[in-house]
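What follows is one structure encoded as structure tokens, with my remarks underneath.
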Amino acid sequence: MTRAPSSITAREADEQVAGRAAYRAVIDRLSKASVDKHWEPYRDIPWDDPEYRVDPADPRWELPGVDKLGGHPWYRARTPETRAAIGLWRVATAMKIGLQFENLLKRGLLNYAYRLPNGSPEFRYVYHETIEEGHHGMMFQEFVNRTGMPIRGMPRPLSLVAQVAPLIPLISTELFFVFVLGGEDPIDHVQRKVLKDDRPHHPLEETIMRIHIAEEARHISFARHYLRNRVPRMPAYRRFMLGVAAPLILGVMARIMLAPPGAMIRHFRIPPNVVAEVYLRNPEARREIRDSVGKTRELCAELGLVNRFTRRLWRAMGIWAEPGTAGR
Ligand SMILES: [Fe+2]
Ligand SMILES: [Fe+2]
């Protein structure tokens, strides 16, 4: 009779070993893929090709009618040059905020890697990811420079607060990788949507997005596998704290990524009622924020981080949707 518990324990131990082996195989595969398939912005993007020149009046920058701002009568009443310039400004702002987020991310990854023990498979992968993010930062900044526009990234107060993000791994690596997904998922969501919209895109924008989506798929995969591997083994109180912090971080991150750029509103003198109609009182804008964290929300639910109490926080942050609706 005494054998039953020990065989269960043995089975659990076997499952744990199998789970760890599968996790390790994923990390090794991601590291290998980083070597086999990667891009370098100053080798793989023909910046000086005349086709790739950035002209703010190029009609390909114009926002489509299905866009929240692009379909607004105020926008439609602008000259074609202004419409194109607003579209380009928005693309460049997304890249600037993206490179600022990835700067914080790189510093956090290095803080995480600093403490990893010898032989840790995560060390090599995290260095690959940091190097790729270095390339992304260069390619985004080069694009911003070539617009010739005075593009600003995150609002200054937010940017100051964000400086604590690289320290999150010192408190909780699990929370850090939720932060990572909070930035990477909304960017990825928006870029995939743009590439799928069947409109002619500027070749430079298209090349940058394709490179970014391809490399981000690995980063997102690593963060998700890391959380799947770690969260089930966290002590209950730490898992509860993570469940509380996750919706707060994700709600703030999605808003930073998808918020209306203040500098653009001032530069083009977009009237307050237009901003309110497009970004604040618009159910479509709220849906986009909710959808952009959809995959991370479903991962959190799968990991047991959503309960009656934390669901209220997801709702309060405006990022809750019933399971099974991500990305719709
Ligand atoms: Fe990136
Ligand atoms: Fe990334």
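The first residue of the sequence shown is numbered 1, and numbering continues consecutively from there. Atoms within each ligand, like the ligands themselves, are counted from 1 in listed order.
In this structure, E142 pairs ionically with R146, as a charged nitrogen and a carboxylate oxygen lie closer than 4.0 Å.
The six-membered or imidazole ring of F101 lies near that of F179, with a centre-to-centre distance under 6.0 Å.
Coordination check, E129 versus the Fe ion (ligand 2): failed, since every N/O/S atom of the residue sits at 2.8 Å or beyond. For a distance bound of 2.8 Å, the N, O or S atoms of H212 include one lying that close to the Fe ion (ligand 1). Here H136 does not reach the Fe ion (ligand 2): none of its N/O/S atoms is less than 2.8 Å from the metal. Between the Fe ion (ligand 1) and E184 there is no N/O/S contact shorter than 2.8 Å. Under 2.8 Å from the Fe ion (ligand 1) lies an N/O/S atom of E102, whether from backbone or side chain.
Within H219, the N, O or S atom at minimum distance from the Fe ion (ligand 2) carries the name ND1. E133 contributes atom OE1 as its closest N/O/S atom to the Fe ion (ligand 1). Closest N/O/S atom of E216 to the Fe ion (ligand 1): OE2.
Between the side chains of E122 and Y23, at least one donor-acceptor pair of N or O atoms lies under 3.5 Å. In the model, N111 has no side-chain atom that pairs as donor or acceptor with a side-chain atom of R115 under 3.5 Å. Using modelled atom types and a 3.5 Å distance limit, the side chains of E102 and H219 yield no donor-acceptor pair.
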Problem - Candidate pair R192 and D188, rule salt bridge (charged side-chain N to carboxylate O under 4.0 Å, His left out), full reasoning - result: CA-CA 6 Å; R192 282 177 192 269; D188 195 62; 2.8 Å; yes
